[in-house]
Amino acid sequence: MSLAALVVGCGNPVHDRAVDSLGPEAPGVPAGPLHRPGQPCLTCHGASGPSDTELAYAGTIYDTPSGDVPSRGAVVHIVGADGVDHRLLTNCAGNFFVSTGEVEASFPARVSVETDVNETVMLSLMNRSGSCNDCHGSAPSRTSPGFVWVPGEAETSGDCR
């Protein structure tokens, strides 16, 4: 057997296809905390990589159900099976995240999101992934309950860079 066959056979083709399906970065948005809102963060930032930054919990929150207005400054509460309440703040792209170096994901977890004027509580438990956009990455459909959104006093002015 050749070395090339061994190297090709060592990867995870299912995960590789999931990473490839995300496509390229959006023009003008560098890789970092503001990139890829709405995409399943742990596809790249999970234990299988390809990013060097591994995240425990991550996702995107919106001000509208259509997913076109990011929620800036929303507080995401994730209370894991270990009882720890993680309070994560969304950035100007609506993204929130915490690295595995800071916390350990603990399932099942209860999740709620609050803005200055509203709160939304997830009715079911988060059981399988700390990547909220794995399930909430599109409009409501047979495979998604829809984007996570909480009406708030959206601050949409200013550059998000």
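- Annotation for L42 and A56: closest pair CD2-O, 4.0 Å, computed over non-hydrogen atoms.
- Using a 4.5 Å cut-off between side-chain heavy atoms of Ile, Leu, Val, Met, Phe, Trp and Tyr, with links allowed through other members, V150 and V69 fall into different hydrophobic clusters.
- Heavy-atom neighbours of E104 CD from other residues, nucleotides or ligands within 6.0 Å: at or below the threshold of 12.
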| field | side-chain contact (heavy atoms from CB on, under 4.5 Å) evaluation trace for T100 with L55 | value | CA-CA 5 Å; T100 55; L55 303 176; 5.8 Å; no
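- The side-chain heavy atoms of L22 and T43, taken from C-beta on, include a pair separated by under 4.5 Å.
- Counting only heavy atoms from C-beta outward, the side chains of S124 and M122 approach each other to under 4.5 Å.
- Side-chain contact annotation: N133 with S131, donor-acceptor N/O pair under 3.5 Å absent.
- L89 CG: more than 12 foreign heavy atoms inside a 6.0 Å radius.
- Side-chain contact check for T90 and N95: no donor-acceptor pair (N or O, by modelled atom type) lies under 3.5 Å.
- Counting heavy atoms from C-beta on, the side chains of P151 and D63 never come closer than 4.5 Å.
- The ring-ring contact (aromatic ring centres under 6.0 Å, His included) test applied to H136 returns no partner, not counting sequence neighbours.
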| request: Just do the side-chain contact (heavy atoms from CB on, under 4.5 Å) check on V148 and V113 with the steps written out, would you? | output: CA-CA 9 Å; V148 178; V113 181; 4.2 Å; yes
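- Checked by atom type and distance alone, the side chain of S71 never pairs as donor or acceptor with a backbone atom of I61 at under 3.5 Å.
- Between C44 and V19, some side-chain heavy-atom pair lies under the 4.5 Å cut-off.
- The shortest non-hydrogen separation linking C92 to P70 is O-CG, 3.5 Å.
- Contact record, P33 with N91: O-ND2, 2.9 Å, taken as the closest heavy-atom pair.
- A ring pair (Phe, Tyr, Trp, His ring centres under 6.0 Å) check over residues 13-70, counting only residues at least two apart or in different chains, returns the pairs Y57-H86, Y62-F147.
- Residues P37 and A93 approach most closely at CB-O, 3.7 Å, considering heavy atoms.
- Residues T60 and F96 come closest through the heavy atom pair N-CE2, 3.8 Å.
- When the side chains of ILVMFWY residues are joined at heavy-atom separations under 4.5 Å, either directly or via intervening members, V111 and V103 end up in a single hydrophobic cluster.
- Under the 4.5 Å side-chain criterion, counting only non-hydrogen atoms from C-beta, R17 is not in contact with S21.
- Checking R110, E119, E114 one by one against H77, the side chain to side chain donor-acceptor pair (under 3.5 Å) holds for a single residue, E114.
- What you find for S144 and G137 is that their closest heavy atoms are OG-N, 4.0 Å.
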| Between D85 and I78, does a side-chain contact (heavy atoms from CB on, under 4.5 Å) hold up when you go through it step by step? | CA-CA 6 Å; D85 183 357; I78 302 174; 6.0 Å; no
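- Applying the salt bridge (Lys or Arg N to Asp or Glu O under 4.0 Å) criterion to E25, with sequence neighbours excluded, gives R36.
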| Yes or no on side-chain contact (heavy atoms from CB on, under 4.5 Å) for M126 and C135, after CA distance, side-chain angles and deciding distance? | CA-CA 10 Å; M126 180 192 314; C135 294; over 6 Å; no
